[in-house]
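In what follows, every heavy atom counts, from backbone to side chain, and hydrogens, waters and symmetry copies are set aside.
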Amino acid sequence: IYNCFSAGNVSGTMITDVNDLLGDCVGGLIGYTVNSNVYYSYSTATVKVPDIIDDGYAGGLVGLAGGKIIDSYSAGKIECSSPGFNCGGLAGGIYENITNCFSSTDIYADGENMKCHTLVGKVEDKNAEAENCYYSDESVIKNSCSYSYPRGLNATTTEASKFKNSEFVSETLRFTP
């Protein structure tokens, strides 16, 4: 998936995977990827997940990433009231590495047994890493989540104003402003 973007509103519905293994995946651009990488893509969408869905993934860009996310970002909002969901500003869950990414997505989560973070909600593979990834220190996380930090990921919080600085964007994040 290359050079794609989304804006507007995305709403989750009750859809069950054929093998009933994954739960439900809702993302600003993509719900779920299988062996597909995401490059140079972004989302400013508002992702809404109603409380009729249990145990799944909500992400500002990708719900559940089964491939890498590279040179991408999210800057929208997630509203989730579903129990057991993993909410992440960039991705609700990841299996592989994320590189040169950032998120300034706000998360409003209100459900039992939720895991939330401005960058990634849940790291599914212990070998997955974040390289040169950032999340905004001004992103809002209002929640009743089990935890609010990216377990197992080495990501950096940074001042929100830096995301508007063209030098930071081009040299640190390696994006072309």
Fill in: Tyr95 and Leu64: CA distance, side-chain angles, deciding distance, side-chain contact (heavy atoms from CB on, under 4.5 Å) verdict
CA-CA 8 Å; Tyr95 278 96; Leu64 178 60; 3.8 Å; yes
Looking at [atom1] of [X] and [atom2] of [Y], how far apart are the two atoms once the value is rounded to the nearest 0.5 Å?
| X | Y | atom1 | atom2 | value |
| --- | --- | --- | --- | --- |
| Asn86 | Glu124 | CG | CD | 6.5 Å |
| Ile70 | Glu131 | CD1 | CD | 9.5 Å |
| Asp24 | Tyr32 | CG | OH | 12.5 Å |
| His117 | Thr105 | NE2 | OG1 | 11.5 Å |
| Lys122 | Cys116 | NZ | SG | 12.5 Å |
| Thr118 | Tyr134 | OG1 | OH | 16.0 Å |

Taking side chain as C-beta onward, heavy atoms only, is [X] less than 4.5 Å from [Y]?
| X | Y | result |
| --- | --- | --- |
| Cys87 | Lys115 | no |
| Val10 | Val26 | yes |
| Ile30 | Val38 | yes |
| Ile78 | Tyr108 | no |

Not counting sequence neighbours, list each pair that qualifies as a salt bridge (charged side-chain N to carboxylate O under 4.0 Å, His left out) and has a residue in [range].
| range | result |
| --- | --- |
| residues 72-91 | Lys77-Glu79 |
| residues 33-46 | none |
| residues 36-47 | none |

Main-chain N/O of [Y] paired to [X] side chain as donor or acceptor, under 3.5 Å:
| X | Y | result |
| --- | --- | --- |
| Ser74 | Gly76 | no |
| Ser136 | Ser104 | no |
| Asp110 | Cys80 | no |
| Ser72 | Ser41 | yes |

Quick check: closest heavy atoms across [X] and [Y], and the distance to 0.1 Å?
| X | Y | value |
| --- | --- | --- |
| Thr44 | Ala7 | OG1-CB, 3.5 Å |
| Tyr73 | Leu61 | O-CD1, 4.0 Å |
| Ile69 | Ala91 | CD1-CB, 4.1 Å |
| Asn9 | Lys48 | OD1-CE, 4.4 Å |
| Asn127 | Asn97 | O-OD1, 3.6 Å |
| Cys101 | Leu90 | CB-CD2, 3.7 Å |

Practice prompt. Show your working on side-chain contact (heavy atoms from CB on, under 4.5 Å) between Ile98 and Leu119 and close with a plain yes or no.
Written response: CA-CA 10 Å; Ile98 56 175; Leu119 191 62; 4.0 Å; yes
Practice prompt. Applying side chain to side chain contact (heavy atoms under 4.5 Å, CB included), name anything that partners Ser6, two or more places apart in sequence or on another chain.
Written response: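 For Ser6, the residues satisfying side chain to side chain contact (heavy atoms under 4.5 Å, CB included) (neighbours in sequence not counted) are Leu29, Ser43, Ala45.
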Worksheet item: Considering residues at least two apart in sequence or located in another chain, which fulfil the side chain to side chain contact (heavy atoms under 4.5 Å, CB included) criterion with Phe5?
Response: Tyr42
Discussion item. If the condition is side chain to side chain donor-acceptor pair (under 3.5 Å), which residues does Asn37 pass it with, not counting sequence neighbours?
Written reply: Tyr39
Worksheet item: Centres of the Tyr2 and Tyr40 rings: under 6.0 Å?
Response: yes
